[in-house]
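Notes for the one structure printed next.
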Amino acid sequence: APCWLTAHIVLIEPERASCGGVGMSAGAAGAGPGLDPPELTPEEVEANRETQMDELGALEEIVESKRFAYSPANELRTDPAGVLLAEMKVDPPGKVRVIRSDLVHDEGFEVENLVPIELAFTFGQSYPSHGPPSFVLSCCWLGRVRREKLRARLLELASECEGDPILFSWYQFLQDEALEFLGVVKGEDGTPILTMGPEGGEARQHAASVPVPAAAAEVIEATHGDGGEAVGPAPEQELDVGLAGAPGSVEDEDDGDYEPRRTISGSYAVAAAVERVRAFDQKEKDERFKSAFHTCEICFQEGIVGTKCIKLHCSHVWCRSCIGGYFSAQIDSGEVKNMKCPAGGCSADALPTEVKEVVTPEDYEKYEARLLEVGLSEMADVIRCPRLDCQAPVILEKDTDMGECQTCYYVFCKHCKKIWHGIQPCEINDLRKVVEDYDNATGAEKARLEKMYGRKKLMQLVSDVKDMEYLRANSVPCPHCGAWISKIDGCNKMHCSRCQRSFCWLCGKLITDKNPYDHFNRPGGCDGKLFVGMMEAW
């Protein structure tokens, strides 16, 4: 038997333990008040003990070990005790939709595996000849009313089979008929709908409970014979979920031998119970996946055991080696925001937890760092500290152009990233690029540039750049003094009015002032090109 199940049995007396392995001890219902067991002869006690051991042996053969475990009588316990976990059988086979009744328009979610009902039992000397065993029912989705209803039905079954072993009949009932007996309705598609949470204004109608580990009140009732005083193990105190009590209040109901119970917020405890249902379903799916064999859609290898595969949340299955290599390549290329399932037609993004499962710790560190970088770049009010040896994220205040790094205390301009320069415009490093960006910008981008450099300055820069572009397109600089000279008409011998030097319009070389036209008669230069361009214009 699983260690958590065995430990649970050992602690049934005198203090009941929480079956935390699968989260099933979220409340308990006792077997009901009973009379003191009758005086039995040694022969009757021996016959009962033999029947009990035969019954436990039969259950051990029928029920799988992870759903059943028991401990015989020993020096710690005078009577045998055990635990049965009854898995609900859904008809028709498929899924169960879980809906919270305390939420408006809750569409719920579907599970394939419902948390089993836990039946913890303790044999007495009078079982089975003079009554049923002591038992405790618990399950996170039952609630008080449902538990009491099942408790009453189990006692009815025991009375119908008085004198005979009853555990297997109880187990079969809980497995095969419990959902139908509890009146779980079905949707239009035939899917059973399990409602969790208070309904109809009844505070305890579908109450889920959570244990208080520090408290243990003796509230489990056990039946011996046809009535009598309650005996049996003591469970953990419950926090009942319902609408009748305010958070933290105490309800003094007339529950017979039950101790007063502290009531907490219904939404909180129902949410906790619902989460346990969801977690159990996922745990069962994971176990089945790991024990099955799969085919990788990347390497097409068949018969790969589930422990060497991963099933993404989009339901596509890959071997860990292939998908790990695929994700690592994406990380190396910086495509951390494009980590999608490689299946054709699937656009699902891989979850960080899925990436972590299949890549190396080093690659996952790079993945987290680059993912953070991308996330910060998408946040308008967060930038990196401009200092290369810092690079810490800096949150920018509204209505200011100043940023202050809280790590290195560097104060800078959020636009040019240089040291804070107050109301002075940002320094322009690439004049042509700034003018081009401003000339092509519209709306918010143009306003941002004007805030950085000043509107008047930008307008002047645009004008200067356009003038320069015109000069470069329609004039040439004097090779001696650099003055821009335009040619309106005439031959290709040009004379600079600033430095009084002559040069060739075609090749841009200085020519001698003594015989400037010799340049156009010398072979290998601009020979015969004195009037080139001028003749074409004519």
Side-chain angles (χ1 to χ4, degrees), residues 19 22-29 67 84-119 137-154 170-210 238-244 264-288 313-315:
C19 189
V22 289
M24 288 181 291
S25 61
R67 300 301 179 197
L84 280 164
L85 303 181
E87 293 180 309
M88 304 296 97
K89 291 185 178 179
V90 181
D91 184 27
K95 298 182 178 180
V96 177
R97 177 165 290 277
V98 179
I99 296 178
R100 289 182 58 178
S101 63
D102 59 330
L103 298 181
V104 180
H105 306 305
D106 180 37
E107 297 182 358
F109 59 94
E110 291 185 345
V111 295
E112 298 178 8
N113 312 277
L114 204 55
V115 178
I117 296 177
E118 175 187 330
L119 172 64
L137 289 176
S138 61
C139 184
C140 62
W141 55 264
L142 274 180
R144 180 180 297 272
V145 172
R146 286 174 175 161
R147 291 199 306 270
E148 291 296 335
K149 190 174 181 180
L150 287 177
R151 164 186 172 275
R153 179 55 185 158
L154 294 186
W170 282 355
Y171 180 71
Q172 278 191 314
F173 167 76
L174 293 176
Q175 267 202 328
D176 303 335
E177 304 176 42
L179 284 181
E180 183 178 355
F181 175 76
L182 292 173
V184 175
V185 299
K186 294 184 178 181
E188 295 180 357
D189 58 353
T191 302
I193 299 177
L194 178 64
T195 304
M196 296 182 66
E199 291 182 347
E202 298 180 23
R204 301 180 184 269
Q205 175 73 22
H206 298 297
S209 303
V210 292
E238 295 176 335
L239 293 180
D240 296 327
V241 176
L243 301 181
I264 66 170
S265 170
S267 295
Y268 168 79
V270 172
V274 168
E275 189 55 38
R276 286 197 293 273
V277 172
R278 194 195 300 269
F280 176 82
D281 177 60
Q282 188 60 50
K283 178 176 178 291
E284 290 293 304
K285 290 178 181 177
D286 291 344
E287 289 183 357
R288 284 202 300 269
H313 66 282
C314 57
S315 298

For this session: Please check if the side chain of Arg153 supplies one atom and the backbone of Ala178 the other of a donor-acceptor pair under 3.5 Å.
Result: no
For this session: State whether the side chain of Arg97 and the backbone N or O of Glu107 hold a donor-acceptor pair below 3.5 Å, judged by distance alone.
Result: yes
For this session: Output the distance between atom NZ (Lys95) and atom CG (Leu114), rounded to the nearest 0.5 Å.
Result: 14.0 Å
Exercise. If you look at every heavy atom in Ala273 and Met196, which pair is closest and at what distance?
Worked result: CB-CE, 3.6 Å
Problem set entry | Atom CD of Gln172: over 12 foreign heavy atoms under 6.0 Å | yes
Seminar exercise, completed: Shortest non-hydrogen pair, Pro116 vs Cys139, comes out as O-SG, 3.5 Å
Problem set entry | Straight-line distance of Ile193 CD1 to Leu179 CG, nearest 0.5 Å | 12.5 Å
Exercise. Are any of the side-chain heavy atoms of Phe280 and Val111 separated by less than 4.5 Å?
Worked result: no
Problem set entry | Non-hydrogen atoms of Arg146 and Trp141 that approach each other most closely | NH1-O, 3.0 Å
For this session: Give, for atom CG of Leu150 and atom CD of Glu177, the distance between the pair rounded to the nearest 0.5 Å.
Result: 11.0 Å
Problem set entry | Nearest-0.5 Å distance that lies between atom CD in Glu148 and atom CG in Leu142 | 11.0 Å
Exercise. Are side-chain heavy atoms of Thr195 and Val185 found at a separation under 4.5 Å?
Worked result: no
Problem set entry | Sub-4.5 Å side-chain heavy-atom contact between Leu154 and Leu137 | yes
Exercise. Any side-chain heavy atom of Asp281 sitting closer than 4.5 Å to one from Glu112?
Worked result: yes
Problem set entry | Worked check of side chain to side chain contact (heavy atoms under 4.5 Å, CB included) between Ile117 and Leu85 | CA-CA 6 Å; Ile117 296 177; Leu85 303 181; over 6 Å; no
For this session: Measure the CG-CD distance between Asp176 and Glu87 for me, rounded to the nearest 0.5 Å.
Result: 11.5 Å
Exercise. Taking C-beta and beyond as the side chain, do Val115 and Arg276 meet within less than 4.5 Å on heavy atoms?
Worked result: no
For this session: Indicate yes or no: at least one non-hydrogen side-chain atom of Val96 is less than 4.5 angstrom from one of Val184.
Result: no
